[in-house]
Amino acid sequence: MAVPIDGTSGVVGRRVADEALLDDSAGLAAADPGGMLRFTASAGAQMREAAALAAEANLGVLSEEGRPRAVVIAGIGTAGRTGDVLATVAGPRCPVPVIAHRSAGVPGWVGAADVVIAVSASGRSPEALGAAQAAARRGARLVAVGAPDSQLQSVAEGVRAPFIPVPRRAPARASLWALTVPVLMAARALGLVKVNEADLAETAARLDADAERCRPAAESFVNPAKALALGLAGSVPIVWGSSPVASVAARRFGDTLSTNARYPVVTGALGEAGRGRVGLLDGVFGGLGELTRDIFADPDEETEEKLTRLRLVLLRDGGLNPEDDADEPLAVEERRADAVQTLAERRGVRCDVITAEGGSALERLASLISVPDFASVYLALAHHLDPMAVPAVTEMKELSTT
């Protein structure tokens, strides 16, 4: 018999954001009993620990059979996002297809010439387990990444496949880097990416620096994550990335805004948006809504016209080398990003811009993810929502389990 679910911890909150709470360190600590801010701040440490654990795994066996025909990264949620990270870090010069697979099992064409990387923070997700088992049946090379002493580890050990343990120190959605680094190290062993120790160290250092800038004690006027959260409060966020790297970061921000802050969000690549979704800027929550806004109205007055507006977040990359091969020229990406900022300005739609920094694709990706990760948590706390407690997820699992 199912146990009744108490969903009040995640449902009770405030419709209007409590801006003052974000500058109250004691209040933030009380509002975040599960420690999501602390877990988010551990990203740099996660990366270092994962790199050390991956170095201890027997990944050298992956190169013994040569380059695979294709690599499938199997997982769901944050685990599935690791496949997107690998594909974008490997870039257009990757010698084989890299495919993120988010369903149980593996694609029908997977066979002995391919590699399957099964990823699950818990080590028991049906998607990762099904993929690992299917890979074993079909004779594909397998790499497993997940919690130690889990079902996934048992499957890997049963076929003598490399297993990289990822201790459960944080919820899955706050463990992106703990799950991603082993995937990157496996891909490096296969000769697909050129991520080196310096790249990992510099990326971890950047994550540490961003955690310091976004710490709870830093007030909103100097804390980029709190400022971003307050700008998004009460809006319908649109998050677009100007490049493949930035687009992965945009989708990641959509994940965390939905799960942590329970905000509906539109995400994607700016190139795709330019084919139609950019029309959202003209719609009832964009330019059309702004036409009805009274610029002389009291900003604290509760009116229907005030409640919901679009808020554009543009993640710009800029690339590392304009001469590198890419899906499209850097100049095209830059012109498109400039154009959408101009469109938003003309329609009165507020726009936040985050620009990538760093000397590698991995570091640039991390620079676009870290502040938004914190912002999603601060936005949840501003609405007095516990970012750790998502009752709908628990109820969904309960209702869908026979």
Side-chain angles (χ1 to χ4, degrees), residues 7 9-11 13 28 31-47 49-50 73-86 100 102 118-128 145-147 150 152 166-184 207 210-211 214 216 225 228-229 232 237 239 247-265 267 313 315 365-366 368-383 385-397:
S9 62
V11 173
L28 283 174
D32 184 24
M36 185 62 84
L37 282 172
R38 184 178 70 256
F39 292 136
T40 304
S42 73
Q46 286 181 30
M47 179 165 279
E49 180 182 40
I73 298 87
I76 196 72
T78 302
R81 194 63 69 197
T82 65
D84 300 331
V85 174
L86 172 57
R102 292 178 168 85
V119 186
S120 170
S122 66
R124 61 176 185 271
S125 77
E127 294 78 14
V145 179
S150 63
L152 186 58
V166 177
R168 289 298 302 272
R169 306 195 192 286
R173 63 183 181 274
S175 302
L176 175 66
W177 299 110
L179 296 172
T180 295
V181 170
V183 172
L184 293 174
L207 291 170
D210 284 340
C214 298
L228 180 58
L232 290 172
V239 189
S247 297
V248 171
R251 293 186 176 97
R252 162 67 179 181
F253 195 17
D255 294 342
T256 57
L257 280 174
S258 297
T259 53
N260 290 335
R262 282 68 131 178
Y263 263 55
V265 57
T267 68
V313 180
L315 305 182
L365 176 63
L368 294 173
I369 287 177
S370 55
V371 171
D373 271 6
F374 275 99
S376 70
V377 179
Y378 283 125
L379 185 55
L381 298 176
H383 285 286
L385 291 168
D386 181 353
M388 284 282 284
V390 188
V393 172
T394 304
E395 291 184 46
M396 182 70 180
K397 291 178 181 178

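Reckoned from all heavy atoms, side chains included, excluding hydrogens, waters and symmetry mates.
Residues Q46 and R169 have side chains not in contact (no heavy-atom distance under 4.5 Å, counting atoms from C-beta outward). A 4.5 Å side-chain heavy-atom check between L232 and L228 finds at least one atom pair inside the cut-off. With contacts defined as side-chain heavy-atom distances shorter than 4.5 Å, the pair D373/F253 does not qualify. For the pair E127/S120, no side-chain contact is recorded, criterion being any heavy-atom separation below 4.5 Å from C-beta on. V119 has its side chain within reach of I73: a pair of non-hydrogen atoms, C-beta onward, lies under 4.5 Å apart. For the pair V239 and L315, the minimum side-chain heavy-atom distance is below 4.5 Å. No side-chain heavy atom of L152 sits less than 4.5 Å from a side-chain heavy atom of R124. Here the side chains of P171 and M388 are in contact, with some heavy-atom distance below 4.5 Å.
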Test side-chain contact (heavy atoms from CB on, under 4.5 Å) on V183 and V85; report intermediate values, then the result. CA-CA 9 Å; V183 172; V85 174; over 6 Å; no
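Expressed to the nearest 0.5 Å, how far CG of L257 lies from OG1 of T267 amounts to 9.5 Å. One finds the CZ atom of R81 at 13.5 Å from the CG atom of L86 (value rounded to the nearest 0.5 Å). Taking OG of S42 as the reference point, atom CD of E49 lies at 9.5 Å (rounded to 0.5 Å). In this structure, CZ in R252 is found 4.5 Å from CG in L176, a value given to the nearest 0.5 Å. For the atom pair I369 CD1 and F374 CZ, the distance stands at 13.0 Å (nearest 0.5 Å). In this structure, CG in L28 is found 6.0 Å from CG in L381, a value given to the nearest 0.5 Å.
Nearest heavy atoms, P237 versus P264: CD-O, 3.1 Å. Taking each heavy atom of R262 and P391 in turn, the nearest pair found is NH2-CD, 4.3 Å. Of all the heavy atoms in D386 and P33, the pair that sits closest is OD2-CG, 3.7 Å. Nearest heavy atom pair, residue A178 against residue A50, reads O-CB, 3.6 Å. The minimum heavy-atom distance between A121 and R168, with the atom names listed, is O-CD, 2.8 Å. Of all heavy-atom pairs spanning F39 and G34, the tightest one is CE1-O, 3.2 Å.
Remark: the backbone N or O of G80 is paired with a side-chain donor or acceptor of R102 at under 3.5 angstrom. Side-chain atoms of D210 do not come within 3.5 Å of backbone N or O of V371 as any donor-acceptor pair.
Shown here are the ring-ring contact (aromatic ring centres under 6.0 Å, His included) partners of Y263, two or more places apart in sequence or in another chain: H383.
Sequence neighbours left out, the pairs with a member in residues 170-182 that pass side-chain hydrogen bond (donor to acceptor under 3.5 Å, both in side chains) are R173-N260.
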